[in-house]
Amino acid sequence: MEKSLPFSFEQVQNWVGKHPTPFYVYDEAGICETVSAVNNAFGWNPGFREYFAVKATPTPAILRIMEQMNCGADCSSIPEILLAKGSGISGQRIMFTSNETSAAEYRTAREAGAIINLDDLTQIENLENACGIPETVCCRYNPGQFNYATNAIMGHMYDTKFGMKKDQLFQALKTLKEKGASHLGIHAMLTSCSLEQGYYPALARELFGLVLEIRETLGITLSFVDMAGGIGIPYRPGERAVDIKTAGEGVRLVYEEMLRSNGIELPLYTEMGRFITGPHGYLLTTVVGKKHIWKEYVGVDASPADLMRPAMYGAYHHITVSGKEDLPAAETVDVVGALCENNDKFAVDRPLPHTEIGDVLVIHDAGAHGHAMGYNYNGRLRCAEYLMHADGTLQMIRRAQSVQDYFATLDVDKEFKFE
Ligand SMILES: *Cc1c(COP(=O)(O)O)cnc(C)c1O
């Protein structure tokens, strides 16, 4: 798939004339289209809900879009619960999936009326001591090994810290029922950033098998199944996006075969983050230096403090030089920022059109785990976020951090003065 932009060179010029770079732009129409596609793909399942993973893009304007489109919010901390509530998402439209959870977190989740998703058998006691056992509880499953439909092992679940083994999961459900929970569900997330078309149907087969076994051995009919997130996006040109309609249809076939035919109807949930907002966010940054030493460097005014994925994971993010979309890739460069760290590279040995100081680079697919992972290393202040409406206008949805914000927690130090 070619990488295109939903805005023009003229729009970019207009924006950077008014707002200092770097900044994020989210394409509202694109986000809405993707959420609609997800809702349609699972529209056959009464009660289906996408719980948007708040950690991907924890910005209220984005969460309000989710609220308007009937989504819930998947949260894992008190601030994320507060963000969801403040954006109009409340009660069982909040899924609280946490691990190493504190009593205060359980209490906040319970007060919000959230569905609490337990990561471990030992958490039942912690939950009970913190706030009692609610009527609705979910339990997270870790199968150790996940045999995908093709028999390739997709996830290395032995290595992942999340969820319970099968015997523990069954014990947890039994105990929760004895303690009064009457509305129980199961959850599993067995991959991350997967472009496998068949992942959700294969996961459904695994989880629906458990639904049947749980009914047979424990006499518990589960009330919902949460297939979580993990669906990837095509970061590289040429990669293929997951066709969510086909994935939803694949899940429907497994549902008919395993659940409906056995007289079970239950709502399915997903918790996608990356798939929903990832492709629709862009980081705009200006070329501020060109350097020729042992390699060619293009220096920009953004850094991993704005977008950490390339430095942290070596992740590929496509880069377009605004206004030079159709020019040939005339130079091979490293695109670098201002951090005093040599992993500060948005791209390594990347063929790009010839760039000049003042050109604006657009870094693609930064809409999830982008601004959210920002930090303040080297005294780098976090940048602003804008929502681009369907008519092409920009709305600031988070201002850039100020020096005052950066120093706010130093208010305890009375000797420190900054002017
Ligand atoms: C991170 C996370 C998600 C979202 O993952 P994506 O890869 O962004 O879809 C969903 N559920 C849980 C529990 C998570 O930790």
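Both counts, for ligands and for their atoms, begin at 1 and track the order of listing. All residue numbers in this chain count up from 1 along the given sequence. As the structure is a prediction and not an experimental result, all values here were calculated from the model. The figures here come from the full heavy-atom set of this structure, side chains too, leaving out hydrogens, waters and symmetry mates.
- Each of the following atoms of ligand 1 lies closer than 4.0 Å to a heavy atom of Gly229: 9 (O), 10 (C).
- Remark: Ile264 CD1 to Tyr255 OH distance equals 9.0 Å, nearest 0.5 Å.
- An N or O contact shorter than 3.5 Å links Arg274 to ligand 1 by distance.
- If you look at Asn117 next to ligand 1, there are no close heavy atoms at all, none under 4.0 Å.
- Each of the following atoms of ligand 1 lies closer than 4.0 Å to a heavy atom of Arg140: 13 (C).
- Taking a cutoff of 4.0 Å between a charged side-chain nitrogen and a carboxylate oxygen, Arg107 and Glu111 do not qualify as a salt bridge.
- Counting atoms of ligand 1 from 1 in the listed order, those under 4.0 Å from a heavy atom of Met272 are 9 (O).
- Heavy-atom contacts from other residues, nucleotides or ligands closer than 6.0 Å to CD of Glu331 number more than 12.
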- Task: Give the intermediate values and the outcome of side chain to side chain contact (heavy atoms under 4.5 Å, CB included) for residues Tyr269 and Val225.
- Result: CA-CA 6 Å; Tyr269 303 147; Val225 167; over 6 Å; no
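- Using a 30° and 60° split on the angle between ring planes, Tyr386 and His19 fall in the tilted class, from 30° to 60°.
- Lys55 NZ, 2.3 Å is the protein heavy atom nearest to atom 2 (C) of ligand 1.
- Nearest to atom 10 (C) of ligand 1 among the protein's heavy atoms is Glu271 O, 3.0 Å.
- Looking at ligand 1, you won't find any N or O of Ser192 less than 3.5 Å from one of its N or O atoms.
- Of all heavy-atom pairs spanning Ala181 and Leu184, the tightest one is CB-CD2, 3.9 Å.
- Note: Thr221 OG1 to Ile214 CD1 = 10.0 Å, rounded to the nearest 0.5 Å.
- Near Gly230, meaning under 4.0 Å from one of its heavy atoms, ligand 1 places the atoms 5 (O), 6 (P), 7 (O), 9 (O).
- In the vicinity of Met189, heavy-atom distances shorter than 4.0 Å reach the ligand 1 atoms 2 (C), 3 (C), 5 (O), 10 (C), 11 (N), 12 (C), 14 (C).
- Counting the atoms of ligand 1 from 1 in the order shown, those under 4.0 Å from a heavy atom of His369 are 8 (O).
- In summary, the atoms of ligand 1 found under 4.0 Å from a heavy atom of Asp74, numbered by their order in the structure, are 10 (C), 11 (N), 12 (C), 13 (C).
- Considering every non-hydrogen atom in both Asp306 and Asp301, the closest pair reads OD2-O, 4.4 Å.
- In the vicinity of Ala53, heavy-atom distances shorter than 4.0 Å reach the ligand 1 atoms 3 (C), 4 (C).
- Ion pairing between Lys295 and Asp349 holds under the 4.0 Å rule for side-chain N and carboxylate O.
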